Structure formats: C-alpha cells, structure tokens
Amino acid sequence: MFALVDCNNFYASCERVFQPQLEGKPIIVLSNNDGCVIARSNEAKELGFNMGDPYFQVKPDLAAHNVNVFSSNYALYGDMSRRVMWYLAQKAPEVEIYSIDEAFLDLHGLEKYVASNLDAFARTLRADVKRRTGIPTCVGIATTKTLAKLANRLAKKRPELGGVLHLDSDEKRCWALQQVEVGDVWGIGRQYAAKLAAAGISTAADLAGCSDAWARKNLGGVVGARLVQELQGRVCHGLAPSEDGTLARKSISCSRTFGQPLSAFHEVLAAVGTFTSRAAEKLRRQGDAAHLMTVYLSKSRYGLEPPPYSCSLVLTLRVATSDTTELLRVARLAVKRLWQADSRYTKAGVVLDGLEPAGQTQLSLFEPAPSSDKRNRLMAELDAVNRRFGKNTVRLATTLLPSGKTPWEGKAQWCSPAYTTRLEGLMLVS
DNA sequence: TCTGGGGTCCTAGGACCC
DNA sequence: TCTGGGGTCCTAGGACCC
C-alpha cells in the first residue's frame, strides 16, 4: 500500500499559518518576479483566477475581489515543507519526498500494526500534521502510486470524505476511476487529454480499460503502458527514497527571468555568473561534480521579435568539477559565444548535467586536475561562511557589477517575512 | 512597462563500430 | 531497380510533473 500525503494549497496555507485572519479569504501567490500567479487558495480558485495568469493582467480583478496577494517566499515554504516531511518520516518506515508539498509513504509492513485500519492511521496523521505545523493535508491510499494520487485528488475534492480516501476494495477502485476525468489522471497532460478525448476516452475508468498495445502506441510508449497498468492496480512504480528522504538530482539548474530586459554584456554576464554560483553550491551540497554545462539566454516571446527566443550552448568539461571558479570561467566563454549585440535579454539560465560523485573523478592521464585540493578546500570554506552568515556573504567578482546593483533581480513587492528562518522575521507578541 | 523555476523519463535517429 | 546486420552511444525533442 502507498499513501500520498499532499498539502492543500501549500503556499497559501503557509501564509495563513502566520496570518490566521486570512482563513477563508482568497489568497494568491506570485512567481519569482511577481510575474504570474503560481498558487491559489480555494477561494481564489472559485473566483476564477488561474495558474499562470500574468499578474499585470489580473491585477484589477484581484483588487476588485479583495484578493490577498503574496510574492513567493521560498525561505518560508521550504522550511515549512521540511517540518511536514520530518514529521511524516517519523510515522512511516519509508518516505519519498515527491515535491515541496507532497510525499509518498510506503505502508507495506505497517498494515500489520494498524491492522485493516489504515483509514484511522491516515486521519491521525492529518490531524497531527495540522496541529504541529498548521498545514492542512489530504491523504489517498491505494495499491499503486497512480491510484494513491487519484484517491488523494478525490479526498481533496469531496469534503464528505474528511480528507482521506482509502481504496481498499476493487469496488472502491472502480468507483473512484469513474469519478475522475481522464485529464486529471497523474501522467495525462494537455496533449494526451486531447488525444484521448478524440478517441472517446473521457474518464479514468475508460483509460483503465485500454489495451496495453493501445496505450503503448498512443501515450508515449512504455510510459503510457505503465500508467494504464497502475490504474488497473498493477504496481509499476516503487518508492524512490534516499537516506534523508531527498532525491539526488540528475541535473541541477538555476535560471531567472530578469527584473528588466538587459542589453549590456557585463550585466548579463554578472547574472549568468550569479546563477552559476548558485548551481555550483547546490551541486556541492549534493556531493557531485558536473561534466556538462548548458548556458542559455532568452528574449521575450511576447514582443514583436520573431523566434527563436532562446539560444543555448552545451560545454563539456574534460574533468568533472564543482569548483565555482572553473564553472564561472566556462560560463563566461558561453556567454561570449552566445552574445548578440542589440538584443534585449529577458532571462538566462545555467544547467549542470552529467553528474558524478565528487572525488571519484576520472583524471585523464595527461591533464593536470584543474581543481586541486586547495581549490576544494576553498569551496568548502566558501559554503561554510555563506551557510553561517547568509547567502552571498562571500561571492566571486564575476557575479557582481561595479555599481553594486543587481538588475537581474526582480521585484518581490508582496513578500511576507521569513517567519521561521530569520531573526528579523520572528513574530512579536505583545 | 509587466508573462516562473525547477525537475523527470522516454523515443527516435544519427554516428560510429565490428 | 537490386545497398548487411546488430550493437552502443549520444543528442534533440517531446511529453509529463509540481
């Protein structure tokens, strides 16, 4: 048995924990640059606001409906997520943190202790997470991850279920499949939904009735075949936990839409340098080194200019590295080669790929290692200082402008305090 | 004026090798 | 007219997720 625990409207719920007067009121959370809507409370959903709505377009409507607007506060959401996940890890033998607000629990073996009463287990879990963190959740339980997802969805949509749905019989499974539209099944996106509609398949139950061959042909090969099998109750996806519940990433990226279009080489270079530093930090935290680095520069796709909107360059590092200075050297080369004068760049990004554990790097026979032990110690010190005194306390010159400005950073006009991770953000009670 | 930032997996097709 | 076959590796691109 798998359980999927999913936080309800997670970002909005995080804001509510510290501003309980917002309970029952509409909330939306904006993307990095206050660019578009990325999260909504139920009340905001009912008012018709959608994911991805550009803020500048819906601003008047938001004001008209007294919607509470927040810039995204990842320091807060990340910390609240850690608290929820830590608690779940105490309650189940194995946990896979699937995203910032969802986790799969492996309940195999647990059945013995809680007998057939996984329902009660789930209800207690929900109540405890709420009491300890303030975050509301829903729980779906079933024999496969895909069915657990589906059960979770129904638990969320049907208040009469009390936030928990356990598909503990074939009748219940069939009933649940009939309640869910095919486009709402985990793994069915817009393209596939359209294809399925054209084939007369409208519910999850219809999809579960498809043949293996048909699914394989029309839904991306083996991926589609597995999806259908999971709906039928045949397990194709196990839990993918790691020691601390976090997954080791196979690629690491850092990208941002700029606060304003940039046309000066040194400004874009400083932005790419900043993103490179961030990505390298993440890479070292994971204990890996990278063989491949992709750098891309993008222009607005909403203006008058024709495509392509983005150009990218993949660079191979002869020796895998996690050394910021080495990666910055390569990033600078990439920006130089990609650069087109008179362009208005609106976004840039860095992707590190081809990861391998640091230290196991195969040194080529005739090349001296560019990252000496000394360099590695320097990076470790850098990370330690920044962990202790805050991000960017120490940084490399390539990531700075002489003016001290950071024009690539967007506005975050409506950001709540970092209540749980910064002293200044602590609430005062008087 | 203003439109997110991460990730995953799979397939097809070309280059290359024997 | 008539063009080997099988394997591996790599990359680009497409679909999906939150």
Side-chain angles (χ1 to χ4, degrees), chain A residues 4 6-11 28-40 50-60 62 71-74 77-78 81 96-104 145-146 149 152-153 182-196 215-227 236-237 240 246-261 275 278-279 282 286 291-292 294 296 298-304 308-310 312-314 316 344 346-355 408-413:
Chain A
L4 176 66
D6 191 346
C7 302
N8 305 349
N9 309 318
F10 182 59
Y11 294 175
I28 63 145
V29 180
L30 299 173
S31 63
N32 179 48
N33 203 12
D34 287 351
C36 60
V37 175
I38 58 163
R40 304 156 296 158
N50 291 311
M51 293 286 278
D53 281 348
Y55 177 48
F56 73 93
Q57 278 176 11
V58 292
K59 205 170 174 177
L62 291 167
S71 305
S72 36
N73 182 347
Y74 286 104
Y77 311 149
S81 173
E96 174 190 336
I97 298 174
Y98 178 68
S99 71
I100 195 165
D101 64 348
E102 284 172 79
F104 285 103
K145 285 170 116 179
T146 307
K149 266 283 209 188
N152 185 288
R153 188 184 170 80
V182 76
D184 293 330
V185 171
W186 192 36
I188 300 297
R190 267 227 294 277
Q191 309 290 326
Y192 288 165
K195 215 168 178 178
L196 289 164
R216 200 172 275 268
K217 181 152 180 284
N218 294 286
L219 300 175
V222 68
V223 181
R226 284 183 194 146
L227 200 165
C236 299
H237 303 294
T246 57
L247 289 170
R249 299 297 175 191
K250 292 172 181 166
S251 70
I252 286 173
S253 59
C254 182
S255 65
R256 290 285 181 281
T257 298
F258 304 146
Q260 63 204 43
F275 306 157
R278 281 288 303 141
K282 293 191 208 173
Q286 187 170 304
H291 262 297
L292 292 170
T294 307
Y296 63 89
S298 307
K299 302 175 208 176
S300 172
R301 58 181 64 241
Y302 304 101
L304 298 171
Y309 302 116
S310 188
S312 67
L313 196 60
V314 183
T316 306
R344 284 159 54 87
T346 56
K347 176 181 179 177
V350 173
V351 184
L352 301 175
D353 248 320
L355 307 189
W408 55 87
E409 278 176 14
K411 35 183 193 228
Q413 222 178 327

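Just so it is clear, the values below take in all heavy atoms, side chains as well, and ignore hydrogens, waters and symmetry mates. Here is how names work: the chains are called A, B, and so on, in the same order as the sequence lines, proteins then strands, and each is numbered from 1. Computed from a predicted model, the values in this text were never measured in an experiment.
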J.: State which residues pass side-chain contact (heavy atoms from CB on, under 4.5 Å) with A:Tyr192; sequence neighbours excluded, sorted by chain then number.
T.: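 Counting only residues at least two positions away or on another chain, A:Tyr192 forms a side-chain contact (heavy atoms from CB on, under 4.5 Å) with A:Ile188, A:Leu219.
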
J.: Tell me every residue that passes salt bridge (Lys or Arg N to Asp or Glu O under 4.0 Å) with A:Arg226, counting only those two or more places apart in sequence or in another chain.
T.: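 Salt bridge (Lys or Arg N to Asp or Glu O under 4.0 Å) check on A:Arg226 returns nothing, list empty.
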
J.: For A:Asp184, what residues pass the salt bridge (Lys or Arg N to Asp or Glu O under 4.0 Å) criterion, not counting sequence neighbours?
T.: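 Checked A:Asp184 against salt bridge (Lys or Arg N to Asp or Glu O under 4.0 Å); matches are A:Arg153.
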
J.: Could you write out DNA chain B as dot-bracket? Rules: Watson-Crick or G-U wobble, both distances under 3.5 Å, brackets [ ] for crossings, | for pairs with another strand, dot for unpaired.
T.: ....||||||||||||||

J.: Give me, pair by pair, the N or O atoms of the protein and of nucleotides 8-14 of chain C that are less than 3.5 Å apart, along with how far apart they are.
T.:
none

J.: From the list B:dG5, B:dG4, B:dG7, which nucleotide is the closest neighbour of the side chain of A:Lys282?
T.: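 Closest nucleotide among those given: B:dG7.
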
J.: Let's see if you can work this out: which of B:dG5, B:dG7, B:dG4 has an atom nearest to the side-chain heavy atoms of A:Ser31?
T.: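 The listed nucleotide nearest to A:Ser31's side chain is B:dG4.
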
J.: According to side-chain contact (heavy atoms from CB on, under 4.5 Å), who are the partners of A:Ser255, at least two apart in sequence or on a separate chain?
T.: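 Expected list: A:Tyr296, A:Lys347.
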
J.: Test your reading of the model: is there a side-chain donor-acceptor pair from A:Lys282 to the backbone of A:Ser253, 3.5 Å cut-off?
T.: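 Yes, the answer is positive, given that a donor and an acceptor are paired below the 3.5 Å cut-off.
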
J.: What residues form a side-chain contact (heavy atoms from CB on, under 4.5 Å) with A:Val182, not counting sequence neighbours?
T.: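 With neighbours one apart ignored, the set is A:Leu196, A:Ile201, A:Leu207.
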
J.: Got a sec, which residues hit ring pair (Phe, Tyr, Trp, His ring centres under 6.0 Å) with A:Tyr74, two or more places apart in sequence or on another chain?
T.: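 A:Tyr74 satisfies ring pair (Phe, Tyr, Trp, His ring centres under 6.0 Å) with A:Tyr11, A:Tyr77 once adjacent residues are dropped.
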
J.: Under 4.0 Å, heavy atoms only, any strand: does A:Lys347 hit a base, just the sugar-phosphate, or nothing?
T.: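 Sugar-phosphate contact only.
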
J.: May I ask you to say what A:Ile252 touches in the nucleic acid, namely base, sugar-phosphate or nothing, with a heavy-atom cut-off under 4.0 Å?
T.: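 Here A:Ile252 touches the backbone only, sparing every base.
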
J.: Closer than 4.0 Å, any side-chain N/O of A:Thr257 to the OP1 or OP2 of B:dT3?
T.: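 No, no such contact exists.
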
J.: Taking only the side-chain heavy atoms of A:Pro261 (C-beta and beyond), determine which of B:dC2, B:dG6, B:dG5 contains the nearest atom.
T.: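 Nearest to the side chain of A:Pro261 among the choices is B:dC2.
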
J.: Under 4.0 Å between a side-chain N or O of A:Asn32 and OP1 or OP2 of B:dG5?
T.: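 Result: yes.
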
J.: How far does the C1' atom of B:dC16 sit from the matching atom of C:dG4, given to the nearest Å?
T.: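 Looking at atom C1' only, B:dC16 and C:dG4 are 16 Å apart.
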
J.: List in chain and number order the residues that pass side-chain contact (heavy atoms from CB on, under 4.5 Å) with A:Cys36, two or more places apart in sequence or in another chain; answer none if no residue qualifies.
T.: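 Testing A:Cys36 for side-chain contact (heavy atoms from CB on, under 4.5 Å), a comparison that skips the adjacent residues, returns A:Ser31.
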
J.: Please list, chain by chain and in numerical order, all residues satisfying side chain to side chain donor-acceptor pair (under 3.5 Å) with A:Asp34, sequence neighbours excluded.
T.: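 Per chain and number, A:Asp34 pairs via side chain to side chain donor-acceptor pair (under 3.5 Å) with A:Ser71.
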
J.: NA contact type, A:Ser251, heavy-atom cut-off 4.0 Å: base, sugar-phosphate, or nothing?
T.: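 Sugar-phosphate, backbone atoms only, no base.
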
J.: Rounded to whole angstroms, how far apart are CZ on A:Arg278 and P on B:dG5?
T.: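 The answer, rounded to whole Å, is 13 Å.
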
J.: Name the pairs: protein N/O against N/O of nucleotides 15-18 of chain C, kept only if under 3.5 Å.
T.:
unit_1 : atom_1 : unit_2   : atom_2 : d
C:dC16 : OP1    : A:Gly189 : N      : 3.0
C:dC16 : OP1    : A:Gly189 : O      : 3.3
C:dC16 : OP1    : A:Gln191 : N      : 3.3
C:dC16 : OP1    : A:Tyr192 : N      : 2.9
C:dC17 : OP1    : A:Gly187 : N      : 3.1
C:dC17 : OP1    : A:Ile188 : N      : 3.4
C:dC17 : OP1    : A:Ile188 : O      : 3.3
C:dC18 : OP1    : A:Lys149 : NZ     : 3.0
C:dC18 : O3'    : A:Ser99  : OG     : 3.0
C:dC18 : O3'    : A:Asp101 : OD1    : 2.9
C:dC18 : O3'    : A:Glu102 : OE2    : 3.0

J.: Base, sugar-phosphate alone, or nothing: which one does A:Lys195 contact when heavy atoms must sit under 4.0 Å apart?
T.: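 A:Lys195: no heavy atom of the nucleic acid under 4.0 Å.
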
J.: When you measure from the side chain of A:Lys195 to the backbone N and O of A:Asn218, does any donor-acceptor pair fall under 3.5 Å?
T.: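 The answer is yes, because a donor-acceptor pair under 3.5 Å joins these two groups.
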
J.: Write down the distance between NZ (A:Lys411) and P (B:dT1), rounded to a whole number of angstrom.
T.: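 It works out to 12 Å between those atoms.
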
J.: So, using ring pair (Phe, Tyr, Trp, His ring centres under 6.0 Å) as the criterion, who are the partners of A:Phe10 when residues are at least two apart?
T.: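 Applying ring pair (Phe, Tyr, Trp, His ring centres under 6.0 Å) to A:Phe10 gives none.
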
